[in-house]
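The block underneath contains the structure these notes are about, expressed in structure tokens.
Chain letters run A, B, ... following the sequence lines, proteins first, then strands; residues in each count from 1. These numbers were taken from a predicted model, which means no experiment stands behind them.
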Amino acid sequence: MIRILVTEAAIDLAAELEGLERAGGGAVASFTGLVRDDGGVEELFLEHYPGATDEALAKLAAEAENRWSLAAATVIHRVGAMTPGERIVFVGTAAAHRSAALDACAFLIDRLKTDAPFWKRETRGQDARWVGERESDRHAADRWKRP
Amino acid sequence: MIRILVTEAAIDLAAELEGLERAGGGAVASFTGLVRDDGGVEELFLEHYPGATDEALAKLAAEAENRWSLAAATVIHRVGAMTPGERIVFVGTAAAHRSAALDACAFLIDRLKTDAPFWKRETRGQDARWVGERESDRHAADRWKRP
Amino acid sequence: MAAVDLLYFAWVRESIGIGHERATPPAEVADVAGLIDWLAARGGGYAEALADKTRLRAAVDQLFVPLDASIAGAREIALFPPVTGG
Amino acid sequence: MAAVDLLYFAWVRESIGIGHERATPPAEVADVAGLIDWLAARGGGYAEALADKTRLRAAVDQLFVPLDASIAGAREIALFPPVTGG
């Protein structure tokens, strides 16, 4: 059971986790990313590639479901304007075994960072700037490549 | 900020995650273990060593907090009688970086399985039996040992 | 080649000033890199956004591709900076 | 040695029939394994629960210890199966 959502609305963590719990795996792992204040950020704006985003996330979720025999996988990404403390991204997995749920959750957030077409712009006062690529994100995504 | 709880009450996932989010790390990871039906289990009873449980969990949480520079760590374990679908255990971590939150979360649940004095008894009809040690749990815990 | 939808995102979109246009590249434009050079030659915001190819990524028909990927038969080509979601 | 609190958990507790007792092992009982043998010699549920040491784990004063750990000065000794929480 795969659930993909790209939305301007706030992420309802409790509802999402309950959905994963009902999938019947017994082990549920989740990752939530929040907007950070990072030196006075007032607004974080998330742009995306509407035609391609859902498909990129669904592809990652299907890969994870397959590789770790998941009972369920959920990937939700906010777009539009947000303020510090708000949830940007939620990844949740349900599986029969905890290592499958945990590894698949880490895989999904690592790969989402490099494979899904989202871009962040931070606004501090009058200064708006697009966030640059992080080398560490590429390394994190690479470790999931299989021989 | 470490929160340890051993309780007969249901685990309030939403409240626990919001507490972790407020710690200000930006990245929150969680793991929830649920009672599984496993071939007709009607009741799962969790026994623990009251004097030693809190301390064992606090020690693991402190080790994780230290090793991954966590903003917060929460470990909650149910004791007493439960039915399939209920939450047995919750582990949550908050950190500045996602890999720290995710790794610390996996560490905590892996080590809890081998280092904290809890015992499970499953009841199926008239048959009540204590769950046996799992070799795979010991391997999972061992991988966090450092040279 | 036929007309193609061009999409721009993030600072590429902001520099160029629009997020979407249709264009018909000349036949000698064979790959994404060639398309970028052809667009940059328009000058202004295009030149500014597209001058440094190491800062650019692309998708052809919604699939991420390297800049030497062919654009033959493409209906939609997107140009953008490295992604920074999550 | 002095009186010590003995705690039993899970099927060890169920076989022995009680979860807690105070006892004063003789001076020659030096380690956890020796304590187990001394208790097993009582027969009945003790013998049944404590016959196979490979199935037993122990804590001395609430710290997990191997079965060859000394019990000198211990105030509380717990005997139980491998843990299965989480």
For this session: Residue by residue, scan residues 76-96 of chain A and write down, ordered by number, those that have a heavy-atom distance under 4.5 Å to chain C; if none do, write 'none'.
Result: A/His77, A/Ile88, A/Val89
Exercise. Any donor and acceptor pair, going by atom type alone, linking the side chain of C/Trp11 with main-chain N or O of A/Trp130 inside 3.5 Å?
Worked result: no
Exercise. Does CD belonging to C/Glu76 count more than 12 external heavy atoms closer than 6.0 Å?
Worked result: yes
Exercise. Highest number of heavy-atom pairs under 4.5 Å with chain A: which of C/Leu7, C/Val83, C/Leu63?
Worked result: C/Val83
Seminar exercise, completed: Here the pair of heavy atoms bringing A/Pro50 nearest to C/Phe9 is CD-CE2, 4.1 Å
Exercise. Looking only at atom types and distance, does a side-chain atom of C/Thr84 sit under 3.5 Å from a main-chain N or O of A/Lys120, one as donor and one as acceptor?
Worked result: yes
Problem set entry | Atom pair OH/CZ of A/Tyr49 and C/Phe80 - distance to nearest 0.5 Å | 7.0 Å
Problem set entry | Crowding at CZ, A/Arg129 (>12 non-hydrogen neighbours, <6.0 Å) | yes
Problem set entry | Any residue of residues 111-118 of chain A which, by heavy atoms, sits under 4.5 Å from chain C | A/Leu112, A/Lys113, A/Thr114, A/Asp115, A/Ala116, A/Pro117, A/Phe118
Exercise. So, does A/Glu47 use its side chain to make a donor-acceptor pair with the main chain of C/Ala10 at under 3.5 Å?
Worked result: yes
For this session: Examine whether an atom of C/Arg13 lies under 4.5 Å from a heavy atom of chain A, and if so say whether it belongs to the side chain, the backbone or both; otherwise answer neither.
Result: side chain
Problem set entry | Electrostatic pair A/Arg121:C/Glu14 at N-O distance under 4.0 angstrom | yes
